Every structure is written in C-alpha cells, then in structure tokens.
Amino acid sequence: MRCLSTILVVLSAAGWLSSRAATVLVEAESFPSLGGWVVDTQFIEIMGSPYLMAHGLGKPVNDAETALTLPQTGTYRIWVRTKDWVARWGAPGTPGRFQLLVNGQPLPVTFGTEGAEWHWQAGGEVRFTQREIKLALRDLTGFNGRCDAILLSDDPHFVPPHDSTPAASWRRRWSGLPEKPRDAGEFDLVVVGGGYAGTAAAVSAARMGCKVALIQNRPVLGGNGSSEIRVWAQGKTRRGLFPRLGEIVEEFMDQAKASPGTAEEFADDRKEAVVRAEKNIQLFLNTHALGVEKNGQRILAVVALDVRTGELRRFQGRLFADCSGHATLGRMSGADHTVRETDHLGMSNMWRWRTNQTATPFPPVPWALDLSMNDFPYPRNGRGEWFWETGFNRHPLHDLEYMRDWNLRAVFGAFHAMKNKEGREAHLNAELEWVAYIGGTRESVQLLGDVILTRDDIVEKRPFPDGCVPTTWDIDLHYPREEYAKKYPQDPFISRAVFDQSVDREHGYPVPYRCLYSRNMENLFMAGRNVSVTHEALGTVRVMKTGGMMGEVVGKAASICLKHDCTPRDVFERYLTELKTLCHLPGATRRATVHAPLQIPPNPPPLPAPVPPEGIDPKTLPGLVIDDAQAKFSGTWSEKGSLKGYIGSGYRYATAGSKAVARFEFQVPQDGRYEVRLAHQPHENRAKNTPVTVFCAEGEKQVEVNQQAAPLLPHGFVSLGIFRFSTGKVWAVEIRAAGANGYVHADAVQVLPAP
Ligand SMILES: Cc1cc2nc3c(=O)[nH]c(=O)nc-3n(C[C@H](O)[C@H](O)[C@H](O)COP(=O)(O)OP(=O)(O)OC[C@H]3O[C@@H](n4cnc5c(N)ncnc54)[C@H](O)[C@@H]3O)c2cc1C
Ligand SMILES: [Ca+2]
Ligand SMILES: [Ca+2]
C-alpha cells in the first residue's frame, strides 16, 4: 500500500497525475541565491544532507532565495528540517532562529526553536493559487540557524520521514531528481578529498600519465590548509632519501604569516590553478563521496553527491585514494581501520577579531558557554589559535557536529566576556572578524596498511626498505589544558601540546610506502592524516606538507599499478625499485601515459644542499664515531639546546630519573682492545653521575660520568676506559637517566684502537 502511494506521489510530482497528491522537497543548499547563508557539508553522514547555516557572527545574514514551480495549485502543508542547535545542552535562549518567507510573506512559525535533534518543524498551511512560488530563508540572529530542506505537500495525510540516512532516496524522489547516479566517467585513479594529501596525489598521478578524478566536498581545495580553516602547512620538504619529494607540495602550499591568517594568505586560487593546469585531472568541487560499489576486495566505483544540486554521480575507477581525512572511502568499502574513541586529538575552530575605529556592539549570548576573562587564554594579536580545541573524548565521527557547535559556544562565550563582561572597557571597539564554521579535525580514523607505523619505529629510526616520505615534525600530542578545564570538565575547549622531540627534524624519518595502501582492499591507497599509523606516530606525520608528500608517492605508485596492471601491494613486492626511481625525479616530470617516456624538465629546482653538520663533522674524527643522529632513543629526550661544541648537528638530553635510554651501537673492524669515549657539553644542570654502560666482550661495565665538568680530551670527549671487542657482533654504549642526579647528555661515542 505504502509502495503504491509512493508511486503516485512520484508521478504527481512529475506532473503526470495532476489530480493526485503532490509532495515537493526543496533542499536549502540548492537555493540558487544563498544570500549570506553558507553551505555546510561536514555532517552529511550524521544528519543526512548538506544544509544552509546563517553564520553571521551575531549579525543576521541576507536572505537565501529560490523560486520553483509546484506540480499543481492547492493547499499545502509546509515543514522545515532544522533544529535548535543549543538544545542538546539545555542552554537558555534559541540562537538559531529564522523564518521561511513564502511569496514574500513570513510563515507565522519561527524555525530553529525546538528539538535537539534534526527534525521536521511544522510550518502550517498555505494556499497557492499560482504554481510559481518563491521561498526565502530569513535569518533572525546571525548565530548559526540551520535549514536542511523544506517540504511542501498537499496530501493531508502526509507525514515527513524521520530519517537521517545520507542522501536518502526520498530526497531525490521529492526533488524530482533521478534516483540513479549519473555516470561521471571512468578514471585510472579516483581521489576522494582535496586537502594537501589529495591535491598532491592527484597532481602527481596526473603527471605520471594517469587519468584522475579529484573529488572534494568543499568549494575550495586545501582541507585544513584552505581559507575556510586556515591552518598553515608545516613539516619540512625536500630532504632525506628522496629530496625531490615535496616539489609538488611547494607549488601550491601557503605562505601564511599567521595561523589563522587572512583568507588571502591561504591562496585557495593557487591550489586550484595548479590542479586545473593538469589536463589529466577532472576536478569535482562541491562533490561529496558517500557510497561505494565493490566486488570482493576491489572497489569498482565511488558514488558522490553534488552538494548543490542533490544529484548523484558515479565515478568508476581502477584505483582509489582515500585522502578524506575521515577515511570515508575506506570505511565505506570495508577497509580495515581503527578508531580511537577517547583521548584523541580534537577539533578546532580558529577565529580572528580586530579593533575598529569606533565602538562596536556584540549581542548578549546567554546560550554560549558562560565564560569570564580568566576562563580562556587571551586571544593575543587578534587570533584564537589552534588550541581552541575540543572533543578529545567525543566520538571522532558521530560527534562531529557536537564538537563544532561546542567550539562555537566557546568562541562566542569568550568574546561575550571580552565585549560585555569584565573585558568590556578594553574591548569597546573589538569586533569578531572571522570564526571558522568548518571544524579543523586532526585524528579521526586510521586505515590499516601492511605496516602500521609506531612511535618507536620513528624514534629508533627503524629502517624499512620502502621508507620514503620524510617526517620532520615533533611527536605533537594534545591534551585538555587543565587550568581552563575546570568549568566544563566534560568538554574542555582549550588544549596544550606536548612535544616529544625525538624525531630527526633535519633529515626526517622516512615513512614506509606500506603505510599508504590498504591491507585488505586491493586497489585502495591512502594519504594524509588517515594513513596506517598509531596515535603517537600520527603526532608527527599528520602535518600537511608531510601528508602532501605521501600524496606525491601515492600518485607515482598508482602509475606503476597501471603500467604493470598490479596492486599497490605488488608495487612494494615487485616494483619497489621503479617506485624509488620515480621518487627521485623532479616533481614537474611528466609522461603522456604510464607507458610513454618520461619528460624530465630541463631546469628542475636545484637539489637541496645536503644538510651540513653545524657542529664538528664526525667524519673528520679518528676511529669510529657514532653520533646521536645514529643512536637509538627510548623514553623522552629533548633535542639540542643552546650548548655549543657538539659533534654532528646536535645532542639530546633527558630528565633525571626518567626512563630515557640512549643506545649507541657499533661493530669493530678487528678483535682487540679499544678505548671508548663519550662526548658531552658541560653544564651546571647536568648529572654528576650520568650512568653509562659499556657492552663489551668482558660483559656489561658500568661507568659514571660527571657531565657538569668540562671534558679533558679533544672535541669534548671523556674516556670511559679500555675494553675488549670482537668482530661480527654489535656492541653498544648506553646512557640512562634513571639514577642520575641531573640532566643526562648524549652527544656522540668514539671508539679508538687502544695502544
Ligand atoms: C587547528 C589545527 C592546527 C593544526 N596545525 C597544523 C600546522 O600548524 N601545520 C600543519 O601542517 N598541520 C597542522 N594541523 C594538522 C593538519 O591540518 C591535518 O592533519 C591535515 O590537514 C591533514 O591533511 P589531509 O589532506 O589528510 O586532510 P584534510 O586537511 O582534513 O583534508 C581532507 C579534505 O577532504 C574533504 N572530504 C572529507 N570527506 C569527503 C568526502 N566524503 N567527499 C569529498 N571530500 C571529502 C574535506 O572537506 C577536506 O577538505 C593542524 C590541524 C588543526 C585542526
Ligand atoms: Ca539539505
Ligand atoms: Ca651529536
């Protein structure tokens, strides 16, 4: 019965059965004129659709408008899908109020005033004597009212569906759109997500002769590094094993002077221009991937929603790359993954404010977080920076809208304290200039590859045969900042970063290629923050230039898959040398197809000079010299401070009594007696009893070194004694912080034949 009435509705909406009931759905995001409303695509998986939001920073935004033709005249009941966005916290007031204007007249109902959940708020009945009608959304507050869609039905028994399925088929049915996805073409590589990782993957693959679709659900490229979120790109490029990696990233990366800086500094247009210049790339902006077709362990196609028209499109591909940050494609296809539900990195909505020439009011915001000036760090230089971060213990996918809205309540609550409470005198002329409505997320889902990279791999510099992308950022993990967490302990909104500085920041640790493809979906790559690493390892690899270089490698590997008709795993197992050859080529190298000859640009950027040691070059010293750059570290070590005279490019030091251990390993060229020396730079905060163990043929010998005292031997060495070593075994010197009475210092070990 239900089925039959559905068919009648379809027919009548199409105008074939004019005597039957008509139901019409108008997606708010499809309004041709958005006025001041913005299209929010962040929560489609949670609430079912893109929506329009009135993000006016407290000033009502201009009306969004549309015109449409009803299937027939008559009396229609009207609903608006919306919510009261602060109701889930029972906060006083209803900031998200707006009206629906029908042919210029507001309906008597104020929308956005009820319900913590997305639902159809009833708007009453309207009689239409003309089929051509006009609708407009009129914002009443400027504080983030939201409208998903409008439903009109002349069927008196019609009940709107209570359904948050993404792009549910009733939406297309009542919008008069085809149910089936439209064919968008066949591609060698379909890239989902146009952040740094996806953009670089698309450019790299296209230049290597692949036909690429780049699908990005926002109007701009760059992800967190776009003008919408304004995170500046960090991580060092062009170094380590493959110093050409990073050349593509450098073509489009920002030169921002601040994070968050101005919109222009993030150069969205340059990113787009670099992509548009590639004939092999078709760029699909405002397109959100939400479905997948597969056959066993192979992905066949991605289905994506045109976020403005509501149409579905089907992208057929041989290979796919998930660069969505949220691992959307991987999860949909059944790729193995992990989700860390608590104690993860959070979401930030950065913001900017400025001081005007004259006084500027800011309305009271009783529904925002109730903050006073000492409940948050003062937003210096007009910037609310990265640490306006929340959601550490919220689900990184299901609670995304929760986190974004909590961030908005925090920012507006803080600005209210500045404008209307204790901060008032000092901020009469202050005005909010920009608040990101797109949340910047850092940690959502890790897709699992053949290698799951860990902190120890990186810190101990574990060599992998497929190491390629240099990661240079410290292991940077975030926690709620306790002093600001007291008022809202359930949802702290200010973070602190803890840096573990054991990463080789100069040369970078080479992240293995096997972190960049799925271990169970045989034609799926990944790059960026959703790759195969642990939480701690994400602490370093997540920065954008590093993720962009992963994209560069994925693009090259994709071309090898095509050339040899093989899987990403086969590239590791059979064509690793070929991948390395491609990684050594300048980023601007091209080939017309994957079988065509390589065209190496005549004037590639000069290779970066090898990083010269700032200190004493170990190669100039006699005997074996093992610098800290080659040593293995466990526990927490800080990198180089200000003491001069070190060997190589620095030294490390660790806090007394911690679990830190530094291990300098070596082998000797022939059996015999050797003098073992240890270098340090003296300082009064160093240990007088640094515990050192020499692993030698006689066993483990304990020595204590006074690292406050100046070393007596040349180049800052002290002698640990004479020991016996034999060939064919790995010997070592270990420095430990446990039991030390000051910082322990690890610079270099020297092994010399004893006279
Ligand atoms: C506030 C903040 C400060 C940070 N500080 C720094 C810093 O100083 N420097 C630095 O380099 N990094 C920093 N990071 C980390 C860094 O921004 C991220 O780890 C990085 O952006 C990850 O890049 P990505 O390309 O993997 O993903 P993203 O930048 O998240 O890009 C993914 C893109 O895919 C799109 N997308 C998602 N789902 C779909 C879909 N279904 N269909 C189509 N498109 C989709 C998204 O809209 C997005 O544009 C910071 C992050 C935050 C939030
Ligand atoms: Ca919608
Ligand atoms: Ca050193």
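Throughout, numbering of the chain's residues begins at 1 and tracks the sequence. Whatever order the structure lists them in is the order used to number ligands and atoms, beginning at 1. On a predicted model such as this, the values are computed, not experimentally measured, just so you know.
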Original post:
N/O/S of A679 less than 3.0 Å from the Ca ion (ligand 3)?
Top reply: no

**OP:** Please find out if the Ca ion (ligand 3) and some N, O or S atom of A629 are separated by less than 3.0 Å.
**Re:** no

Subject >> Parallel, tilted or perpendicular, as decided by the 30° and 60° cut-offs, for the rings of F98 and W37 >> reply: perpendicular

**OP:** State, yes or no, whether a side-chain contact exists between R146 and L52 at a heavy-atom distance under 4.5 Å.
**Re:** no

Original post:
If you look at D627, which of its N/O/S atoms is nearest to the Ca ion (ligand 3)?
Top reply: OD1

Subject >> the Ca ion (ligand 3): angle it makes with O (I647) and O (G650), nearest 10 degrees >> reply: 90°

Original post:
Under 4.5 Å between any side-chain heavy atoms of I494 and P377, yes or no?
Top reply: yes

Original post:
Near ligand 1, which residues have a heavy atom under 4.0 Å away from one of its atoms?
Top reply: V192, G193, G194, G195, Y196, A197, I215, Q216, N217, R218, G223, N224, V231, W232, A233, Q234, T287, H288, A289, C323, S324, T328, S348, W386, G440, T441, R442, G528, R529, R542, V543, M544

Original post:
What does the angle at the Ca ion (ligand 3) come to, between atom OD1 of D628 and atom OD1 of D747, rounded to 10°?
Top reply: 130°

Original post:
Considering only N, O or S atoms, which atom of D148 is nearest to the Ca ion (ligand 2)?
Top reply: OD1

Original post:
For S227 and D268, does a side-chain donor sit closer than 3.5 Å to a side-chain acceptor?
Top reply: yes

Subject >> Exercise: do W174 and E27 side chains pair donor with acceptor under 3.5 Å >> reply: no

Original post:
How about S444 and R529: does a side-chain donor come under 3.5 Å of a side-chain acceptor?
Top reply: yes

**OP:** Verify, without hydrogens or angle tests, whether H326 (side chain) and S324 (backbone) share a donor-acceptor contact under 3.5 angstrom.
**Re:** no

Original post:
Rounded to 10°, how many degrees is the angle OE1/E29-the Ca ion (ligand 2)-OG/S49?
Top reply: 120°

Original post:
Relative to each other, are the rings of F664 and F633 parallel, tilted or perpendicular (30° and 60° limits)?
Top reply: perpendicular

**OP:** Using side chain to side chain donor-acceptor pair (under 3.5 Å) as the criterion, point out the one residue from R686, Q707, H683, H680 that pairs with H745.
**Re:** R686

Original post:
So does P50 have any N/O/S atom less than 3.0 Å away from the Ca ion (ligand 2)?
Top reply: yes

Original post:
Looking at W434, is R230 sitting on its ring face, NZ or CZ under 6.0 Å from the six-membered ring centre and within 45 degrees of the normal?
Top reply: yes

Original post:
Which N/O/S atom belongs to E27 and is the closest one to the Ca ion (ligand 2)?
Top reply: OE1

